[in-house]
Visitor: 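Following this message is one structure expressed as structure tokens.
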2 protein chains.
Amino acid sequence: MAATIIDVARLCGYSKATVSRAYASPEAVSEKAREKIYAAAKQLNYAPNAIARAMVRQQTENIAFIIHEKQYPAILNPFYSPMLEAAMQEGTRRNYSLFVTTSQDIHLPNGDIYIKKHMDGVIFAGEVDIRVIEEFRKQSIPVVLVNNYLDMDGLVCISADHYGGAVQATEYLCKLGHCKIGLLSGRFSPQVSEARIEGFVKTLAKYDIPVDDRFIADIEPALEDGEEIMTRMLRGVDRPTAFFCTNDTIAAGAMKAVTRAGLRVPEDIAIIGFDDSYISRVVEPELTTVRIDAAKMGCLAMQTLFDLIAGMPVEKAHIQIPTELIVRGTA
Amino acid sequence: MAATIIDVARLCGYSKATVSRAYASPEAVSEKAREKIYAAAKQLNYAPNAIARAMVRQQTENIAFIIHEKQYPAILNPFYSPMLEAAMQEGTRRNYSLFVTTSQDIHLPNGDIYIKKHMDGVIFAGEVDIRVIEEFRKQSIPVVLVNNYLDMDGLVCISADHYGGAVQATEYLCKLGHCKIGLLSGRFSPQVSEARIEGFVKTLAKYDIPVDDRFIADIEPALEDGEEIMTRMLRGVDRPTAFFCTNDTIAAGAMKAVTRAGLRVPEDIAIIGFDDSYISRVVEPELTTVRIDAAKMGCLAMQTLFDLIAGMPVEKAHIQIPTELIVRGTA
DNA sequence: CTGAAAGCGCTAACAT
DNA sequence: ATGTTAGCGCTTTCAG
């Protein structure tokens, strides 16, 4: 069907080796040859076959970005978007392509773990099954984990400083003079949730503010859940004057509840989010939140992966990205 | 390095053909053989090499989803998210993987158009250079265009009924009694923008409402732009009581402007959006908008592509998805 | 700078 | 049910 390197070679009179070089290393071929070859190729609609190339070179220039099914609406997930985006750009820069898939794409008929397409490297986002990682490493495929932390020998993990971020947020609320502060905590992977909760609790302790269990909620990190729980909390006696929400989506839901109850943010209830995702700017007033530099995480993940692919040793297994408090209108 | 089919064959005593079959068509191999083969494979950490397989089968089970650079923050783009999502799920169902890339990934050193990785089919989202499509078809790679319409022979295009959606929105506003209605039109691909504008204008005509050019804006479809233009329009004398925004992002920006001006949505200014994207539910009050079933479009795009790959003839080149008015709180 | 030839790892007839 | 064999299209020594 499609023209092959042989057809081109035949048409232009050069050998297929030379044709190959005209694409793989143009500078190694005389200008005259190059011209003739490209002309012949054009005439035949020839385009090099990446599969064949990958086969002999034993590398595909493909990277997989794998997201756990549970978090699957990942592309929808305003947190992962910029990460993916940055990773893609970094990949493109190096002539790599990014495969975005879920973890269900990596199983074999016999039940074994395996990545269907050959990948030069893999980025796991968020939760992962440890066995999957082990399996990949057995097959000598470099792996980096982003937005999660697992204590495996030599496994590079890139995550945000969830603890620090929670401290920044809580401290800010305390300094504002709030002395009744609630927590709307979303269910993420245990490490993440726990770190954020811990930051909150320890900071309250530092400021001698008691933790009131009635105003601590453990919910799914969705808009409706945020709204629902806040509606309920608003009815509580002696309710807090401020809430720390462990992501922006929850915070947006909480804001809705406050508004609908006829109260005002931040005058009646101050709210602070986490992630600095896109929605922090669509709500009005705009959300005060803890910024995670997701783009940086994505970029770093790719760069680290490239190093690994190039055989460079791991310098630091656990890279933690600092967070930053972004003060806007809700607290 | 990695074990090959030959190593497995040697270890288990079967031929490599049988080993191959144990993976490609397990039912064609005796149970005993399968067990031995899988055991040997496990011992050697063997996993079939997808590249080699793709090479001989001449198909990769990969689909590319290509978004024009201009719209690149596509993953960020709340409109494309559900589309991508649905496409991925549909792909997974058929054992295909989805490559998400930009249009810049498809050029050759010599300037020719070409897709670096071999793909069994390609979905273009939004704007595309016609020459790119021509080139793909020359290389006999099936193509479908989604969220855009191009009149090319036999090219399948899947788009929403932009005209109809604009009519629904405008008509609703008219029926509500608004007789001064503004338009905040975002710059999308010409076909899309024009269809939406036309729907707006014709509907006003139908209701004998004059079109006031002072309250028609042509802007970038971004939050800030929506806010900025609305702030300006609010200062206009004899200003509209309602605005039709050609996407939700613009509408959200416009809502901010209204709120900041101390006015209320929808009491003072009614607003209606387009897309029914995620943000239509994060704003408060929630946005009345025209729903485009982006998930359906993504799913349909994949299904059509699979048909094309299977060699089935194109039944209908231009598939138009109907829109639906979703009435919520802003109009 | 160019050519000849040996594979890369797997599948798909065709036999047995 | 299993084995034999001939490639898939390209890159890469090694020579010239």
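Remember, it's a predicted structure, so these values are computed and weren't measured experimentally. Lettering of chains follows the sequences in order, A, B, ..., and the numbering in each one begins at 1.
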Visitor: Using the test salt bridge (Lys or Arg N to Asp or Glu O under 4.0 Å), find all partners of B:Arg10 that sit at least two apart in sequence or belong to another chain.
Guide: B:Asp7
Visitor: Would you say a side-chain N or O of A:Tyr23 is under 4.0 Å from OP1 or OP2 of D:dG9?
Guide: no
Visitor: For the pair made of CE in B:Met55 and P in C:dC10, what is the distance, rounded to whole Å?
Guide: 12 Å
Visitor: When you compare the protein's N or O atoms with those of nucleotides 2-5 of chain D, which come within less than 3.5 Å of each other, and at what distance?
Guide:
from	atom 1	to	atom 2	distance (Å)
D:dT2	OP1	B:Ser30	OG	2.8
D:dT2	OP2	B:Ser30	N	2.8
D:dT2	OP2	B:Ser30	OG	3.1
D:dG3	OP2	B:Ser15	N	2.7
D:dG3	OP2	B:Ser15	OG	3.1
D:dG3	OP2	B:Thr18	OG1	2.8
D:dG3	N7	B:Arg21	NH2	2.7
D:dG3	O6	B:Arg21	NH1	3.3

Visitor: To the nearest angstrom, how far is B:Ile6 atom CD1 from C:dC10 atom C1'?
Guide: 9 Å
Visitor: List in chain and number order the residues that pass side chain to side chain contact (heavy atoms under 4.5 Å, CB included) with B:Gln191, two or more places apart in sequence or in another chain; answer none if no residue qualifies.
Guide: B:Asn148, B:Leu150, B:Ser189
Visitor: Taking A:Lys138 first and then A:Glu135, would you say they form a salt bridge - that is, a charged N and a carboxylate O separated by under 4.0 Å?
Guide: yes
Visitor: Under 4.0 Å between a side-chain N/O of A:Arg53 and OP1 or OP2 of D:dT11, yes or no?
Guide: yes
Visitor: Would a line drawn from the ring center of B:Tyr38 to the ring center of B:Tyr23 be shorter than 6.0 Å?
Guide: yes
Visitor: Rounded to whole angstroms, how far apart are CD on A:Glu61 and C1' on D:dC10?
Guide: 14 Å
Visitor: Provide, to the nearest angstrom, the distance between the CD1 atom belonging to B:Ile51 and the P atom belonging to D:dG9.
Guide: 15 Å
Visitor: Can you tell me if CD on A:Glu27 sees more than 12 non-hydrogen neighbours from other groups inside 6.0 Å?
Guide: yes
Visitor: Starting at CD1 of A:Ile5 and ending at P of C:dA4, how long is that distance when rounded to a whole Å?
Guide: 14 Å
Visitor: Under the criterion ring pair (Phe, Tyr, Trp, His ring centres under 6.0 Å), I'd like the reasoning laid out for B:Phe124 against B:Phe65: C-alpha separation, chi angles, the key distance, then a yes or no.
Guide: CA-CA 6 Å; B:Phe124 282 101; B:Phe65 190 102; 9.6 Å; no
Visitor: In whole angstrom, what separates B:Arg10's CZ from C:dG9's P?
Guide: 12 Å
Visitor: Taking atom P of D:dC8 as reference, at what distance in whole Å does atom CD of B:Gln59 sit?
Guide: 17 Å
Visitor: For the pair made of CZ in B:Arg57 and P in C:dT11, what is the distance, rounded to whole Å?
Guide: 7 Å
Visitor: State plainly whether the residues B:Glu90 and B:Arg93 are in salt-bridge range, i.e. N to O under 4.0 Å.
Guide: yes
Visitor: Under 4.0 Å: is that the gap between some side-chain N or O of B:Gln58 and OP1 or OP2 of C:dT11?
Guide: no
